[in-house]
Amino acid sequence: MIKIEKFLLTLSIIASLGILFILTPIIALFIAVDPNTLVKTWFTDPLLSEQARNALLLTLEAAFTSSILLMIIGIPLSYFLTRYGFRGKNIVEAIIDIPLMIPHAVAGIMILLAYGRRGILGPLLSVTGIVIEDSFWGIVTAMMFVSFPIMIDTLKLGYLSIDESIELVARSMGANRLDTFVKITLPLLLPSIVAGFLLSWARAVSEVGAILIVAYYPKTMNVLVLEWFNSYGLKYAVSLSFVLVLFSLIVFILLKTVVKK
Amino acid sequence: MIEIKDLYVELGNFTLKIDNLIINENEYLVVMGPSGVGKTVFLHTLAGFIKPKKGVIRYNNIDLTMEPPEKRGFAIIPQDFGLFPHMTVYENIAFGLVIRKIDRNRIDELVKRYAELMEISHLLHRKPNTLSGGEKQRVALARALIIKPRIILLDEPFSNLDPSLRVKMLGFLKRLRKQLRFTAIHVTHDIIEALELADRIAYIHRGELKGVFTPSEFVNTQYAKPYMNELLLVYKRLKQLGIDNVNIVT
């Protein structure tokens, strides 16, 4: 009995240390916020507040667009990766995970070389009117690239958790592949879709390295935090960061509550 | 009538060979054999989930060999019943009818009729994860039978049930057969299920159909020996324990 208690006590201490590790920087940030600078940054100073609000809106919009596009690509791609075996599957899966391994500045350079005006597919993109250098779509591309493996891996886990025999039963009941996918697979995948969306959205919001290379302008929150830190100092950078962290926390708590319901 | 001719399936190193097998209308065929001999592969090939390398599967002279599962009219019930966890019992039973775009009122009427037949009317609003093994099985049977399939493919349907429930469900399935008359292939490695339910017993060993027998023929074959020995062992032990008369409650 005593042994179990000791065991639980040890676990609790380690778990608490873990929470403390993640919580301390958040508390430190909240403590460091200067209310006057915060008000000035977001409301009273016309120049600063316009920059801050635009950057926040842009970041959220680009991260949302990136996650929606990843979801559209990820649902069929993960389906193929989990439901079918083919030669070279391991290589494809390794390629998908590359953004997890490389420095994000390198990712930015790779994106420029592929989709930039002078990149491999740049001319093709220009025909459709999409230019990624210093544009909204450049930010979205950078966000998509770094969030790609997170969305795919989350959806893959989701597909793997669905018992395939259920899909086979649906087919034997007369449902074709599409009906089976829409009526059986997709509803069961929904929690993973939400999780994948949430995680890739969070990853996209936090991206800075690749965005700095591909699209410095228009400025996202992260780029602006860096710029203000260098130009105006810590106080102003903290005012920006505080709102971003607060916003992310609210979004995560809300979404997790919705998913649980 | 379902006719299987020169069927040859290859899955990696595993092969399944069925030279000739005919399943008559309203026949209940039990496929027996030890674990891992290809009984489930056989069912999945019939259902259309596995494409054979060679051979023909016909229903009343219509070649179904290359038809996709949804066009065969063969309803499968897997070992774990395969209920759709996000749907209620009602929605599960109605699934095949909804896919066929049957009129809503007609669906409602049929679902209620089959639920009554399966004695699960009180469960229609429940989700599968709140049901017992026996209840799940009745839902799976209702869902399969309601579409009036050409054949029902049952993959070890009793293996997840405890003994008392198994006996109950055996009795229930026998009564249901008398009431509804349907064609079925029932895969099992349980001799009691086979003898209780089968019109005929097909025996598969090492990926090959060894023969098709009536139950009384089967018990005298070499294939039945291990199963019969097991039954005799139980019988002898019961005698030793002085239990001569056992009442079976179904």
Quiz item: For the side chain of Asn24(B) and the backbone of Met1(B), is there at least one donor-acceptor N/O pair under 3.5 Å apart?
Solution: no
Practice problem: Check whether Asn176(A) gets within reach of chain B through its side chain, its backbone, both or neither, counting any heavy atom under 4.5 Å. | Solution: both
Quiz item: Given that the side chain runs from C-beta out, which part of Asp80(B) has a heavy atom under 4.5 Å from chain A: side chain, backbone, both or neither?
Solution: side chain
Self-check item: Lys/Arg-Asp/Glu bridge criterion (N-O < 4.0 Å) met for Lys112(B), Glu116(B)
Solution: no
Self-check item: Residues Thr180(A) and Glu167(A): side-chain donor-acceptor under 3.5 angstrom
Solution: no
Exercise. Go through the atoms of Leu83(B) and report whether side chain, backbone, both or neither lie under 4.5 Å from a heavy atom of chain A.
Key: backbone
Quiz item: Hey, is CD1 on Ile22(A) packed in by over 12 heavy atoms from elsewhere, all under 6.0 Å?
Solution: no
Quiz item: Can you tell which of Gly82(B), Ala140(B), Ala144(B), Pro69(B) has the highest number of heavy-atom pairs within less than 4.5 Å of chain A?
Solution: Pro69(B)
Practice problem: Assign the ring pair Phe158(B) / His186(B) to parallel, tilted or perpendicular, where the plane angle (0 to 90°) is split at 30° and 60°. | Solution: tilted
Quiz prompt | Closest-packed option against chain A by number of heavy-atom pairs under 4.5 Å, given Pro85(B), Pro68(B), Gly73(B) | solution = Pro85(B)
Practice problem: Please state whether the side chain, the backbone, both or neither of Phe74(B) comes within less than 4.5 Å of a heavy atom of chain A. | Solution: backbone
Exercise. Give a yes-or-no answer on whether the side chains of Thr65(B) and Asp63(B) include a donor-acceptor pair shorter than 3.5 Å.
Key: yes
Self-check item: Option that, when pairs with chain A are counted at under 4.5 Å, heavy atom only, ranks first among Arg143(B), Gln79(B), His44(B), Lys71(B)
Solution: Arg143(B)
Quiz prompt | Region of Ala75(B) in contact with chain A, defined by heavy-atom distances below 4.5 Å | solution = both
Quiz prompt | Heavy-atom contact with chain A under 4.5 Å, split by part of Ile76(B) | solution = both
Exercise. Look up atom CD1 in Ile184(A) and atom CE in Met87(B), then write down how far apart they are to the nearest 0.5 Å.
Key: 3.5 Å
Practice problem: Select, from Leu168(A), Leu190(A), Ile166(A), the one with the greatest count of heavy-atom pairs under 4.5 Å involving chain B. | Solution: Leu168(A)
Quiz item: In terms of heavy-atom proximity below 4.5 Å to chain A, should Arg72(B) be classed as side chain, backbone, both, or neither?
Solution: neither
